[in-house]
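The next block holds one structure in the form of structure tokens; read it before the comments.
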Amino acid sequence: MCLDLALFSLPYMSETDALDFCKRIYKKNVKHVLITMGKDGQYVYNGTELLHGKAKMIDPLDTMGAGDSYIAAFVNSLYNDGWQKGMTMPAKALKKALLAGCEYSNSLER
């Protein structure tokens, strides 16, 4: 059995530490590993590439649900790019999903 996406909300990690972490999780039969780090952005790993998404600094009305909004937009973007169970998504789709998550979770700024 395979897990299509594992999500972790962690404090800042260097690219090297993030890659090591993602590789350990990936070896447990996980197709994609997503790490969100608040203001420090996000990393996503698909078994071959570690991609970094930047956070957009805003003056939020409220941060309640920002993480939920992020993951919803991230997954929706992948789905719209044809993501199906067991499929590994290419870097282009993952970069687009990182941006979609960031944009949507920040959509209620002041």
Side-chain angles (χ1 to χ4, degrees):
M1 189 156 127
C2 166
L3 182 65
D4 289 303
L5 176 65
L7 168 65
F8 298 88
S9 179
L10 300 170
Y12 170 77
M13 297 180 88
S14 70
E15 187 171 332
T16 300
D17 289 342
L19 183 58
D20 289 343
F21 179 85
C22 288
K23 284 182 176 181
R24 285 197 323 267
I25 301 302
Y26 183 81
K27 288 179 183 177
K28 297 181 184 295
N29 208 18
V30 176
K31 291 283 185 187
H32 305 89
V33 182
L34 175 62
I35 301 170
T36 60
M37 303 175 295
K39 67 179 178 58
D40 295 310
Q42 321 80 37
Y43 288 109
V44 65
Y45 181 69
N46 66 358
T48 57
E49 297 181 78
L50 179 70
L51 305 168
H52 183 252
K54 297 191 184 289
K56 177 182 174 187
M57 302 308 290
I58 64 166
D59 185 16
L61 292 172
D62 187 351
T63 60
M64 178 75 69
D68 295 330
S69 298
Y70 180 91
I71 191 64
F74 181 89
V75 169
N76 186 62
S77 177
L78 291 179
Y79 176 77
N80 287 335
D81 279 341
W83 191 31
Q84 296 179 16
K85 185 159 183 58
M87 176 187 281
T88 300
M89 294 302 284
K92 182 178 179 181
L94 292 170
K95 287 177 186 177
K96 184 177 169 186
L98 288 170
L99 182 58
C102 182
E103 292 296 321
Y104 189 71
S105 64
N106 290 331
S107 63
L108 293 178
E109 63 185 303
R110 288 182 202 238

**Report entry** pair Ile71-Leu34: side-chain heavy atoms closer than 4.5 Å
**Finding:** yes
**Report entry** Cluster link Val33 to Leu10, ILVMFWY, side chain under 4.5 Å
**Finding:** yes
Report task. Give a yes or no on whether Phe74 and Leu3 share a hydrophobic cluster (residues Ile, Leu, Val, Met, Phe, Trp, Tyr; joining criterion: side-chain heavy atoms under 4.5 Å apart). Result -> no
Query - same_hphob_cluster(Val30, Leu78) at 4.5 Å side-chain heavy-atom cutoff - result: no
Query raised in the report: Considering only heavy atoms from C-beta outward, does the side chain of Ile25 approach that of Tyr45 to under 4.5 Å?
Result: no
Query - Stepwise side-chain contact (heavy atoms from CB on, under 4.5 Å) check, Asn46 with Met89 - result: CA-CA 7 Å; Asn46 66 358; Met89 294 302 284; over 6 Å; no
Report task. With rounding to the nearest 0.5 Å, note down the distance linking CG in Asn76 to OG in Ser69. Result -> 12.0 Å
Query raised in the report: Any side-chain heavy-atom pair from Leu94 and Leu98 closer than 4.5 angstrom?
Result: no
Query raised in the report: Is Lys39 close to Tyr12 at the side-chain level, that is, under 4.5 Å between some pair of heavy atoms?
Result: no
Report task. Write down the atom of Leu50, the atom of Ala18, and the distance for their closest heavy-atom approach. Result -> CD2-CB, 4.2 Å
**Report entry** Intermediate values then yes/no, side-chain contact (heavy atoms from CB on, under 4.5 Å), Met37 and Ile35
**Finding:** CA-CA 7 Å; Met37 303 175 295; Ile35 301 170; 3.8 Å; yes
**Report entry** Distance-minimising heavy-atom pair for His52 and Tyr43
**Finding:** CD2-CE2, 3.4 Å
**Report entry** Nearest heavy-atom neighbours spanning Ala73 and Gly101
**Finding:** CB-CA, 3.8 Å
Query - Gln42 side chain near Tyr70 side chain, heavy-atom distance below 4.5 Å - result: yes
Query raised in the report: Under 6.0 Å between ring centres, would you say that holds for Phe8 and Phe21?
Result: yes
Query raised in the report: Among the clusters formed by ILVMFWY side chains lying less than 4.5 Å apart, do Leu51 and Leu99 turn up in the same one?
Result: no
Query raised in the report: So, for Lys31 and Cys2, which heavy atoms are closest and what is the spacing to 0.1 Å?
Result: CG-SG, 3.3 Å
Report task. Begin with the C-alpha distance, continue with both residues' side-chain angles, and end with the deciding distance and a verdict on side-chain contact (heavy atoms from CB on, under 4.5 Å) for Thr88 and His32. Result -> CA-CA 7 Å; Thr88 300; His32 305 89; 4.2 Å; yes
Query raised in the report: Should Val75 and Trp83 count as side-chain neighbours, where that means a heavy-atom distance under 4.5 Å?
Result: yes
